[in-house]
Amino acid sequence: MNFTKTIIHWYSINKRSLPWRETQNPYKIWLSEIILQQTQVKQGLPYYEAFVSKYPTIYNLAKAPESDVLKLWQGLGYYSRARNLHATAKHIVNELQGEFPNTYNQIIKLKGVGDYTASAIASICFNEVTAVVDGNVYRVLSRYFNIDTPINSSQGAKEFKALAQELIDKKQPATFNQAIMEFGAKQCTPKNPDCTNCPLNENCLALSKQNIDQLPVKIKAAKAQKKHFNFLVFISDDGKTILEKREGKGIWQNLYQFPLIETEKSISEKSLRNTLKNNSLLSNQKFSLTLYNSKPIIHKLSHQHLYTNFWIITVKTLNTNTINISNIHTYPVPILIGNFIESFNFDFV
DNA sequence: AAGGCGGGGCC
DNA sequence: GGCCCAGCCTT
């Protein structure tokens, strides 16, 4: 049995039951694909359910405020996905009369949709013969054919796309695309793949050459930088605090945070106290300052390691950017802030 | 071509 | 600690 037939047969036996596999509705498929970008099924599944429940159609999503969409996305990461999702929903409703584009060439024009996502939607919803290439596909193909072209190079992207396009089942592109991804996720895993019980082990070139552990080849990313984040958790006598919206580029765009002092090195309480004396948010009032966490909370992002302190500052009154603490749970915040809010007992206020 | 962009899970 | 995950966008 050849590669394509074997993969599809394996899938028919081993596929997981997942909600987006029960539909060809382009809105739901699109939603699931955006959620699953760089995200494992287990992590994305509850978010998919929540979005379908709160926004059953693209019209519901288009009508929502961006802040609500970000709130529902909170904790999933890569928030540009949520911003683009919302912008694209509005675009389809307002400019395309609510009609989801139905070809790869049209779909890929949508904001937040690249080659992978366009191929997934076009094949699953509209039966177009266009092969998906995601992390799973890179791994399966690089191993089966023993290809060492770096997968995160432009040459690699072209090469693997062309190979997948050759292998795709022209009569059932949707099934093949989902099958090869599922195969990568459950059989040809990154670590310790179960090659002994693999239906492709007879002709897998990397296996015969003992190259499984070396493939796929990936150009290494730069190491994460360390930063020191000092969040100022103001609490006023009348139950207010300060949350600011992160504007511009950079992490957590359009999410909210406590006022932040970012430093190259860690900052002492004494030095922070001096800095605060001249802080306009305090307008020369007396204040008390205590560090909430006993040691810095290390929040690891792909490209930054954030050494974080939460400083509690009680003060009589606040004037700028204040919110009522009783409403704090309605703002979209990065999970680093969200975890703090959850663990810190604001109820006494 | 390279770097930015999250958070969780595994080893 | 490092690596990976149903990638995309900007520079």
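First the proteins, then the strands, lettered A, B, ... as listed; each starts at 1. Every value quoted in this text rests on a predicted model; they were computed, and no experiment measured them.
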### Message
Below the 4.0 Å mark, does dG4(B) have OP1 or OP2 next to a side-chain nitrogen or oxygen of W252(A)?
### Response
no
### Query
Which residue lies toward the 5' end of DNA chain B, N339(A) or N152(A), if each is placed at its nearest nucleotide?
N152(A)
### Task
Would you check if the distance from the ring center of F100(A) to the ring center of W30(A) is below 6.0 Å?
yes
### Phosphate-side-chain proximity, H303(A) and dG4(B), N/O vs OP1/OP2 below 4.0 Å
no
### Query
Do Y144(A) and F3(A) have ring centres separated by under 6.0 Å?
yes
### Query
Using a cut-off of 4.0 Å on non-hydrogen atoms, how would the nucleic acid contact of W73(A) be classed: base, sugar-phosphate, or nothing?
nothing
### Query
How are the rings of F51(A) and Y55(A) set relative to one another: parallel (under 30°), tilted (30 to 60°) or perpendicular (over 60°)?
tilted
### Query
Which is true for T117(A) with a 4.0 Å heavy-atom rule: it touches a base, it touches only sugar-phosphate, or it touches nothing?
sugar-phosphate
### Task
Indicate, with a heavy-atom threshold strictly under 4.0 Å, whether K42(A) touches base, sugar-phosphate, or nothing.
nothing
### Message
Pick the closest DNA chain B nucleotide for K191(A) and for K300(A) by heavy atoms, then say which residue is nearer the 5' end.
### Response
K300(A)
### Message
Measuring centre to centre across the rings, with the benzene-like ring taken for any Trp, is F258(A) within less than 6.0 Å of F340(A)?
### Response
yes
### Message
Using heavy-atom distances to pick each residue's nearest nucleotide on DNA chain C, tell me which of G114(A) and H305(A) is more 5'.
### Response
H305(A)
### Query
Counting any heavy atom closer than 4.0 Å, what does G44(A) reach on the DNA or RNA strands: base, sugar-phosphate only, or nothing?
nothing
#### Entry: Pair Y292(A) and F310(A), ring centroids less than 6.0 Å apart
no
### Message
Please list all pairs meeting salt bridge (Lys or Arg N to Asp or Glu O under 4.0 Å) that have one or both residues in residues 156-171 of chain A, counting only residues at least two apart or in different chains.
### Response
D115(A)-K161(A)
### Query
What does G75(A) touch in the nucleic acid at a heavy-atom separation under 4.0 angstrom: a base, only the sugar-phosphate, or nothing?
sugar-phosphate
### Message
For a quick check of understanding: with a heavy-atom distance under 4.0 Å over all strands, which category does V137(A) fall into, base, sugar-phosphate or nothing?
### Response
nothing
### Task
Tell me what I219(A) touches on the nucleic acid: a base, only sugar-phosphate, or nothing, going by heavy atoms under 4.0 Å.
nothing
### Query
If you pin G112(A) and Q178(A) to their nearest nucleotides in DNA chain C, which one's is more 5'?
Q178(A)
### Query
Quick one: do R16(A) and E182(A) make a salt bridge, cutoff under 4.0 Å?
yes
### Message
Mind checking if R83(A) touches a base, just sugar-phosphate, or nothing, with heavy atoms under 4.0 Å?
### Response
nothing
### Query
Touch check for R81(A), heavy atoms < 4.0 angstrom, all strands: base, sugar-phosphate only, or nothing?
base
### Query
Using a cut-off of 4.0 Å on non-hydrogen atoms, how would the nucleic acid contact of S80(A) be classed: base, sugar-phosphate, or nothing?
nothing
#### Entry: Any N/O donor-acceptor pair, S302(A) side-chain to dG4(B) base, under 3.5 Å
no
### Query
Base, sugar-phosphate, or nothing: which does Q304(A) touch, judged by heavy atoms less than 4.0 Å apart?
sugar-phosphate
### Task
For D115(A), report the nucleic acid contact type (base, sugar-phosphate, nothing); a contact means any heavy atom under 4.0 Å.
sugar-phosphate
### Query
Counting only non-hydrogen atoms, which of residues 155-175 of chain A are less than 4.0 Å from DNA chain C?
none
